[in-house]
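Structure first, then comments.
Letters go in sequence order (proteins before strands), and every chain restarts at 1. We use all heavy atoms of the structure for the numbers below, so side chains are in, but hydrogens, waters and symmetry mates are not. It should be emphasised that the depicted structure is a prediction, and the values quoted were computed from it without experimental measurement.
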Amino acid sequence: MTLRLTINGRESLAPDDPMTPLVDLLRERFHLTGAKPVCREGFCGACLVMIDGEPTLSCLTPGGLAEGRDIRTIEGLSPAGRLNPVQNALEAHDAVQCGMCFPGMVMTLTHALRRNAAPSREELRHALTGNTCRCTGYERILDAALSAAGALQGGEP
Amino acid sequence: MIDTHPSLYIAPTLGDALSALGERGAEGAAFAGGTWIMRAPIRHQPLGRAYVALGKIEELQRVDVTPAHVEIGACATHATIAAALAPCSDLAVLAEAAGRSANPAVRSAATIGGNLMAADFAAADLVPALLCLEASVEIVARDGVERMTISDFLLKRQYLACDRLLSRIRIERADRRSAHTRLPLRKAGDYPVAIVSLSARIEAGRLMEPRIAVGSVEPVARRWTPLEAALEGAPIDIAAARHAAEAYAAYFQGREGIEAPGWYRISVLPALIGRALQSLSS
Ligand code: FES
Ligand code: FES
């Protein structure tokens, strides 16, 4: 069976079975390795991508259910190498350590700041419930996200 | 050559889903949010052969709230249920169960039907909440509709014929208060070690017809009937309720798990009863 997926605005074909987890299609078929299959349980958030604008666990999403939907990976959030405001803020705050969790962190924070231009630290903490980081202790990530608040209103990226 | 890959049919309507499940017979299975089925490999279980996806069926996603009752489609997600029930103080137990389980991305995908049909998932938050609300469920087939209490459904769900589908959950509303308490190992985003769901009428500071359900302690959630009887008509007294919970804790046999031993799950129940009562009375 061939799956027809729209990834970062481009239509892509995958000759795979429809129950293949989207994260494996992204990484193995399309070499988009930003999303990471870490727990494959929905716990860690390292595999998050946007589907139709919503942060979605690509480890638990079969490729067949992503057909006809707008899939955005971390690679699609920084077209032509331009970082989005969340990515810029994370870099400016020196928040990234090993980086394993960050593609998912950026998805969650980008979505949270699009929905709420002035979140509290506590609201961001709640938004990050499903993003596990084993290196940073989270505080600098929150500092960075708060500094980017307001910069994501009005659409892309 | 026989194709051994699982198939996935996206049903546009409930009728199509029932027909597809009937055609696929024992090889077929419904696919709702996928948060249980997609984890089959890490439970060392094989995926099924032929899935029928229900996520495009509009009537299964709806939550209808009236002053008399609430009807929840089996494919309503935890996030949808938490938002829809937020204004209903009598259903706080279910809104909290739906709004606090797992994490935001799981809550946006996981459905109430999936929670109820995953018979091996002992830590499902919605099950004890529905037990203490005495919910009923609707099972549809091409030849009709069957309704049963949530307790009956929990006994029968593993034996549901393959062409039948859990379609709707119904809760009668009443002048009651309710609360949901859970103890995860981390503060959030984790499976709970134990869950207590509580619903009661409060008259002159006394608990009337309390219904208490316990989840995650045993393989399947169930009501704590001896404690319900002990607290019937009792004044709201958290210390006394905790003592009563200690006295009736032997009602449960805690399940062993990698995250907690059975005895620990039971030992936290009096504290969860205390918290549930606190939140009921506040
Ligand atoms: S890999 Fe998907 S949540 Fe961890
Ligand atoms: S930076 Fe290493 S896991 Fe988050």
Contact origin within [X] toward chain B - heavy atom pairs under 4.5 Å:
{"X": "A/L48", "result": "side chain"}
{"X": "A/H126", "result": "backbone"}
{"X": "A/T61", "result": "backbone"}
{"X": "A/P21", "result": "both"}

[X] versus [Y], closest heavy-atom pair with distance:
{"X": "A/L65", "Y": "B/A53", "value": "CD2-CB, 3.9 Å"}
{"X": "A/A127", "Y": "B/P104", "value": "O-CG, 3.9 Å"}
{"X": "B/R39", "Y": "A/R40", "value": "CG-O, 3.6 Å"}

Got [X] and [Y] here, is their nearest side-chain heavy-atom distance under 4.5 Å?
{"X": "A/E67", "Y": "B/I10", "value": "no"}
{"X": "B/Y51", "Y": "A/P62", "value": "no"}
{"X": "B/V106", "Y": "A/F43", "value": "no"}

Which atoms of [X] approach chain A - backbone, side chain, both or neither, heavy atom under 4.5 Å:
{"X": "B/L8", "result": "both"}
{"X": "B/A105", "result": "both"}
{"X": "B/S108", "result": "neither"}

Inspect the surroundings of [atom1] in [X] and state if more than 12 heavy atoms from other residues, nucleotides or ligands are less than 6.0 Å away.
{"X": "A/E91", "atom1": "CD", "result": "no"}
{"X": "B/Y264", "atom1": "OH", "result": "no"}
{"X": "B/Q278", "atom1": "CD", "result": "no"}
{"X": "A/R134", "atom1": "CZ", "result": "no"}
{"X": "B/R142", "atom1": "CZ", "result": "yes"}

Test item: B/N103 side-chain N/O and A/G42 main-chain N/O as donor-acceptor pair under 3.5 Å: yes

With A/R27, which residues qualify under side-chain hydrogen bond (donor to acceptor under 3.5 Å, both in side chains), at least two apart? none

Begin from the C-alpha positions of B/H5 and A/T20 and carry the test side-chain contact (heavy atoms from CB on, under 4.5 Å) through to its verdict. CA-CA 9 Å; B/H5 294 301; A/T20 309; over 6 Å; no

Let me confirm one number: the CE-CG distance from B/M38 to A/L22, rounded to the nearest 0.5 Å. 9.0 Å

Could you measure the distance from the CD atom of A/E41 to the CZ atom of B/R43? Nearest 0.5 Å is fine. 9.0 Å

